[in-house]
Amino acid sequence: MSRQQILDLVHRFADAELNGDTAAYERLLSPDFTGIGPVGFVLDGRQWAARHEDLTNHAFEVLDPQVRLYGDAAVVTAVQRQRTTARGHDASGSFRLTLVAVRDGDRWAIANLQLSGPLRPPTAPPPSTPATAGPETISRDELRTAIDAGTAVTVDALPAPAYDRRHLPSALNLTAEDAPASAGDVLPDRAARIVVYSTDTSCTRGPDLAAELKRLGYRNVRLYADGIEDWVAAGLPIEAGGGA
């Protein structure tokens, strides 16, 4: 019976995605739900539902779901195939879906899902741009000149507490996980010259945000890879609080 309940849960999830039924997520997702997109952004249940403000699924299906039961938990692996428009751009493809369901009384809820892909046949040649290739970068001196001239929009990719503590002059604040729901409000001009940064070269938040903005259709995104630590070490000015 549990296996069929989980398959029913997966089918109801697919229906909610296809129809943009945001109210259904209250019944489908656990209170501590976490969803991880194919480029690594992390969303809670509210943010997952908010994706539908900016995307339309013209077709959506979960294929060949395989269920493994572990007491009051279950893991489902499947292929998610979609024909999707997000912010006016084609986001169609097939993705590997891993879904974790947990028992809540007499019902099951989705606690976690993760997408990877898009899928390619094993014999497919590598893409023309290597998957490991990062975003185009900008140097500290180039960024300082752009900030002084007002020719770039600078975006801090760190969480709000770190941004409030210190950030580059006039920088806005947006994280990769918030970008699907909030980028259109924070960065309304997709043709603007945008420079994102985080802590330093070891921090992945800057590259993650740059990749997510490119996916959302922003055409001129660069990364200040050395981050705010490099900026501060050079003795350049910073700001604190809510910023611009």
Side-chain angles (χ1 to χ4, degrees), residues 34-44 47-48 50-51 54 86-87 89 114-116 127-244:
T34 298
I36 304 173
V39 298
F41 59 81
V42 181
L43 306 179
D44 61 23
Q47 293 167 327
W48 191 268
R51 294 160 45 250
D54 298 303
R87 296 182 182 270
H89 298 272
Q114 181 165 358
L115 297 170
S116 58
S128 56
T129 302
T132 56
E136 185 179 356
T137 58
I138 187 171
S139 70
R140 182 207 313 138
D141 290 340
E142 290 176 303
L143 178 55
R144 183 180 184 184
T145 299
I147 291 175
D148 290 344
T151 57
V153 179
T154 310
V155 183
D156 187 310
L158 296 169
Y163 168 81
D164 289 342
R165 186 167 60 252
R166 61 176 188 171
H167 54 263
L168 270 58
S170 302
L172 305 176
N173 186 213
L174 181 68
T175 62
E177 53 264 39
D178 289 336
S182 303
D185 294 329
V186 178
L187 301 166
D189 184 0
R190 284 177 172 75
R193 184 187 186 196
I194 297 171
V195 178
V196 304
Y197 71 90
S198 53
T199 305
D200 52 29
T201 54
S202 68
C203 181
T204 62
R205 284 188 169 272
D208 287 350
L209 177 59
E212 181 61 13
L213 290 177
K214 294 287 283 186
R215 188 188 71 83
L216 292 171
Y218 291 86
R219 301 188 291 275
N220 190 0
V221 180
R222 299 178 72 181
L223 172 68
Y224 174 35
D226 291 326
I228 194 168
E229 291 294 345
D230 173 73
W231 187 271
V232 170
L236 297 176
I238 59 173
E239 296 176 352

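Atoms considered below: every heavy atom in the structure, side chains included; atoms not considered: hydrogens, waters and symmetry mates. These numbers were taken from a predicted model, which means no experiment stands behind them.
- Nearest heavy-atom pair across L158 and S198 is CD2-CB, 3.9 Å.
- The heavy-atom pair separating A179 from L209 by the smallest distance is CB-CD1, 4.1 Å.
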Query - Pair S170-I147, side-chain contact (heavy atoms from CB on, under 4.5 Å): steps then yes or no - result: CA-CA 8 Å; S170 302; I147 291 175; 5.7 Å; no
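- For the pair E239 and L168, the tightest heavy-atom approach, listed with the atom from each and the gap, is OE1-O, 4.2 Å.
- Within the 4.5 Å cutoff, the side chain of L213 has no heavy atoms near those of the P135 side chain.
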Report, one line per pair, each donor and acceptor closer than 3.5 Å where one atom sits in a side chain of residues 186-196; sequence neighbours left out.
unit_1 : atom_1 : unit_2 : atom_2 : d
D189   : OD1    : A191   : N      : 2.9
R190   : NE     : L216   : O      : 3.4

Query - Steps toward side-chain contact (heavy atoms from CB on, under 4.5 Å) verdict (F41, R215) - result: CA-CA 12 Å; F41 59 81; R215 188 188 71 83; 4.0 Å; yes
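- Of the charged side-chain nitrogens involved, at least one lies within less than 4.0 Å of a carboxylate oxygen, so that E177 and R205 count as a salt-bridged pair.
- Between atom CG of residue D156 and atom OG1 of residue T199 there is a gap of 8.0 Å, rounded to the nearest 0.5 Å.
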Which donor-acceptor pairs under 3.5 Å do side chains of residues 224-236 form with protein atoms, sequence neighbours excluded?
unit_1 : atom_1 : unit_2 : atom_2 : d
Y224   : OH     : G227   : O      : 3.4
Y224   : OH     : D230   : OD2    : 2.5
Y224   : OH     : W231   : N      : 3.3
E229   : OE2    : R166   : NH2    : 2.6
D230   : OD1    : R140   : NH2    : 3.0
D230   : OD2    : R140   : NE     : 2.9
W231   : NE1    : P237   : O      : 2.7

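- Taking all atoms of both residues into account, the shortest heavy-atom contact from L174 to S182 is CD1-CB, 4.0 Å.
- In terms of heavy atoms, E212 sits closest to A176 at CG-O, 4.0 Å.
- In this structure, L172 CG and D185 CG are separated by 12.0 Å, a value rounded to the nearest 0.5 Å.
- Residues passing the side-chain hydrogen bond (donor to acceptor under 3.5 Å, both in side chains) test with W48, sequence neighbours excluded: E17.
- One distance of note links OG1 of T151 with CG of L143; it measures 9.0 Å at 0.5 Å rounding.
- Remark: R144 pairs with no residue by the salt bridge (Lys or Arg N to Asp or Glu O under 4.0 Å) rule, at least two apart or across chains.
- Residues R165 and A240 approach most closely at O-CB, 3.5 Å, considering heavy atoms.
- In terms of the salt bridge (Lys or Arg N to Asp or Glu O under 4.0 Å) criterion, D44 has no residue partners (sequence neighbours excluded).
- Rounding to the nearest 0.5 Å places CG of D208 at 10.0 Å from CG of L223.
- Residues passing the salt bridge (Lys or Arg N to Asp or Glu O under 4.0 Å) test with D178: none are found, sequence neighbours excluded.
- With hydrogens and angles left out, the side-chain atoms of S202 and D200 include a donor and acceptor closer than 3.5 Å.
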